[in-house]
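Written out below as structure tokens is the structure these notes cover.
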Amino acid sequence: MENTEAKKIVLSAIQPTGTPTLGNYLGALRNWKNMADDNECFYAVADLHSLTVRPEPKLLRQRTKEMYALLLALGLDPERNTVFVQSHVNAHAQLAWILDCYTQFGEAARMTQFKDKSEKHPEIVNVGLFAYPTLMAADILLYQTDFVPIGADQSQHLEITRDIAERFNTLYGDTFKMPEPFIGKKGAKVMSLQDPTKKMSKSDTNVKGFISVLDEPDVIVRKIKSAVTDSEARVYYGEGKDGVNNLMTIYACCTGKSFDEIEQEFEGKGYGDFKAAVAESVVEELRPLQTEFARLIADKAYLEDCMKLGADKASYFANKTLRKAMKKVGLYSVK
Ligand code: TYM
């Protein structure tokens with residue numbers, strides 16, 4: 001029999017705000033898959049988080065289903081791993097409210113993502129956007145999580161999660177486990193192909209800046225061909241070579257080659273050859289995911305069965321922690 005006791009608990013989530021990019025994939029999703037066999041994993045579609053940008057309801061529903069199918073398409077086994085939709089597990093919103101009351105206004109206001117988003121979109125600065133990190137903290141703390149596989153941009157949210165957990169534990173005794181971020185050595189911050197000083201993002205208005213994991217091979221080739229590089233025409237990793245550094249990172253992630261090996265491979269060759277090889281490696285890396293996604297998205301009944309199974313399993317674990325936290329803060333319960 002499997003020894004589930006000794007397994008580490010892993011949790012992560014992704015917002016259904018659009019098809020994931022190569023950045024989401026290399027920074028997070030690929031690690032989700034790699035951690036799935038040896039750990040007790042909880043992976044969620046963070047639909048509640050995406051309400052902060054008030055998506056069109058029909059589109060949100062569709063994207064939630066697509067994101068869920070994509071997670072299974074990674075090769076996650078819905079029987080072994082718990083793959084669920086965040087809003088299907090009530091405990092998330094409930095614990096988030098409790099944590100709101102144990103989070104200082106000032107510490108939430110310091111979050112870089114909140115500051116960036118509210119500057120960029122002053123018309124949608126809502127309370128949800130402000131409280132975003134406490135909902136994320138609830139996601140993580142509900143499962144007594146050991147590791148949270150994320151890209152570098154989420155590390156500040158992990159820090160605030162730890163601060164909140166520590167404050168709560170100090171006040172009420174051990175309630176939450178202290179989670180650790182798991183950030184991959186390469187690919188933790190994949191940059192935009194058009195402006196390699198900015199992170200690749202699915203909400204980029206310039207579609208040439210990002211590769212979506214469902215882009216057709218010829219689209220991937222075109223986007224990588226038009227990626228911004230420099231005028232030196234030499235492939236090596238170095239300062240002032242943000243575009244090339246980014247492509248080298250992508251290539252390294254997709255082929256498993258080191259930067260030294262890549263430099264040798266393209267010695268004496270120009271960016272044309274290099275870009276063609278990068279594009280090819282991305283196409284090959286994404287091919288199984290795309291094939292599996294096409295199969296799964298056509299099977300709504302299966303997806304919904306898996307969603308229900310995931311929600312039941314997640315609720316079982318989450319409610320245990322929720323009950324504990326509710327009791328600790330003094331919420332009245334009747335047997
Ligand atoms: P989201 O949906 O923006 O992104 C999902 C994951 O992808 C990573 N990522 C990247 N990694 C490398 N390079 C990039 N260019 C890049 N862009 C995105 C993100 O770091 C993330 O790991 N708040 C989270 C979702 C969330 C969550 C959670 C995560 C909700 N609850 C609990 C972990 C634990 C978010 O918006 O990720």
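All values reported here derive from a predicted model rather than from experimental measurement. First listed ligand is number 1; within each ligand, the first listed atom is number 1.
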Open item on the list: For ligand 1, give me the residues whose heavy-atom distance to it is below 4.0 Å, by chain and number please.
Closed with: Leu11, Ser12, Ala13, Ile14, Gln15, Gly23, Asn24, Gly27, Ala28, Ala46, His49, Tyr132, Met136, Asp139, Ile140, Val148, Ile150, Gly151, Asp153, Gln154, Gly187, Ala188, Lys189, Val190, Lys199, Met200, Lys202
TODO: Kindly write out the residues that satisfy side-chain contact (heavy atoms from CB on, under 4.5 Å) with Lys300, not counting sequence neighbours, or none if the list is empty.
DONE: Lys65, Glu304
TODO: Please determine, by modelled atom types, if Asp242 and Thr197 share a side-chain donor-acceptor pair under 3.5 angstrom.
DONE: no
Open item on the list: Atom CD of residue position Glu56 - does it have more than 12 heavy atoms of other residues, nucleotides or ligands inside 6.0 Å?
Closed with: yes
Task: Tyr271/Phe266 aromatic ring centres below 6.0 Å - done: no
Task: Residues, nucleotides or ligands: over 12 heavy atoms within 6.0 Å of Glu239 CD - done: no
Task: cation_pi(Lys117, Tyr132) dist<6.0 Å, angle<=45 - done: yes
